[in-house]
Amino acid sequence: NAGVTQTPKFQVLKTGQSMTLQCAQDMNHEYMSWYRQDPGMGLRLIHYSVGAGITDQGEVPNGYNVSRSTTEDFPLRLLSAAPSQTSVYFCASSYSLGTPYNSPLHFGNGTRLTVT
Amino acid sequence: GENVEQHPSTLSVQEGDSAVIKCTYSDSASNYFPWYKQELGKRPQLIIDIRSNVGEKKDQRIAVTLNKTAKHFSLHITETQPEDSAVYFCAASHGGGADGLTFGKGTHLIIQP
């Protein structure tokens, strides 16, 4: 199994540009999520999905869109990039994240995004 | 929503000594508490987790304790080694769990030779 695969690893955007961060998992996990990591801020949840066709907002959803058309894929879209979105983005998946079946969250290798 | 506080932000210990990292959470319905280790430039990786029906869990040099009444949980690393140097994150899952993990801000553990 490849686990959680994120592409690209690095990206530089200009303010106002749009792009999609890709995330795919081959573990048949129902739960997928996107986090951003900023220095001193820990990991903050952007959006999550508990299954194909279902998405919901996390703590910091503004400026980002997601969709979940298949179990395997969970892309994150930046509609109009802003310097405040400069961050490291992690996709993560889990078999289940709810009572009583909490199971570990598996992270991808991250995408380092810089918006100038 | 859930709020997780983590202390200290930086911890420096001598190699061979023990390290303790503490977290508190706000939502009494939270029932799952994992700990992640992140080495520089790498992804977070689960090192140990505990569920609310358990008070303590050990895995070799690592242990986690949970006090549900006080709403705090701690990570204990004994006989620290250079490879333990990393950033450690605690997290808590909300009562229903479906809205994800809330992470603490992290502890940078430095092992002094």
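Chain A is the first sequence line, chain B the second, and so forth, proteins listed ahead of strands; every chain is numbered from 1.
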Inset, instruction - Assess whether atom CZ of A:R44 is packed by more than 12 heavy atoms of other residues, nucleotides or ligands within 6.0 Å. - result: yes
Inset, instruction - Count the heavy atoms belonging to other residues, nucleotides or ligands that lie under 6.0 Å from CD of B:E79, then report whether that count exceeds 12. - result: no
Legend entry - A:Q37 side chain near B:F89 side chain, heavy-atom distance below 4.5 Å: yes
Inset, instruction - Verify the cluster assignment for B:V64 and B:V54: are they in a single hydrophobic cluster under the rule of side-chain heavy atoms below 4.5 Å apart? - result: yes
Legend entry - Side-chain heavy atoms of A:L45 within contact of B:T102, under 4.5 Å: no
Inset, instruction - Check the hydrophobic clustering (I, L, V, M, F, W, Y; side-chain heavy atoms under 4.5 Å; chains of links allowed) and say if B:V20 and B:L75 are grouped together. - result: no
Inset, instruction - Under 4.5 Å heavy-atom distance to chain A, tell me which part of B:Q45 shows up: side chain, backbone, both or neither. - result: neither
Legend entry - A:E59 side, atom CD; B:E2 side, atom CD - distance, nearest 0.5 Å: 11.0 Å
Inset, instruction - Report the distance from atom CZ of B:F103 to atom OH of A:Y35, rounding to the nearest 0.5 Å. - result: 4.5 Å
Legend entry - Most contacts with chain B, counted as non-hydrogen pairs under 4.5 angstrom, among A:G42, A:A92, A:G40: A:G42
Legend entry - Cluster overlap B:W35 with B:V87, hydrophobic side-chain contacts below 4.5 Å: no
Inset, instruction - Please answer: with hydrophobic residues joined when any side-chain heavy atoms are less than 4.5 Å apart, are B:I47 and B:L11 in the same cluster? - result: yes
Inset, instruction - Using a cut-off of 6.0 Å, state whether more than 12 heavy atoms not belonging to B:E83 lie near its atom CD. - result: yes
Legend entry - Short side-chain to backbone donor-acceptor contact, A:Y48 and B:L101, under 3.5 Å: no
Inset, instruction - State, yes or no, whether a side-chain contact exists between A:L43 and B:P44 at a heavy-atom distance under 4.5 Å. - result: yes
Inset, instruction - Please answer: with hydrophobic residues joined when any side-chain heavy atoms are less than 4.5 Å apart, are B:I48 and B:Y36 in the same cluster? - result: no
Inset, instruction - Tell me, for A:N109 versus chain B, whether the close heavy atoms (under 4.5 Å) come from the side chain, the backbone, both or neither. - result: both
Legend entry - Any donor-acceptor pair under 3.5 Å from B:R43 side chain to A:G108 backbone: no
Inset, instruction - Of all the heavy-atom pairs spanning A:F90 and B:K42, show the shortest one and how long it is. - result: CZ-O, 4.0 Å
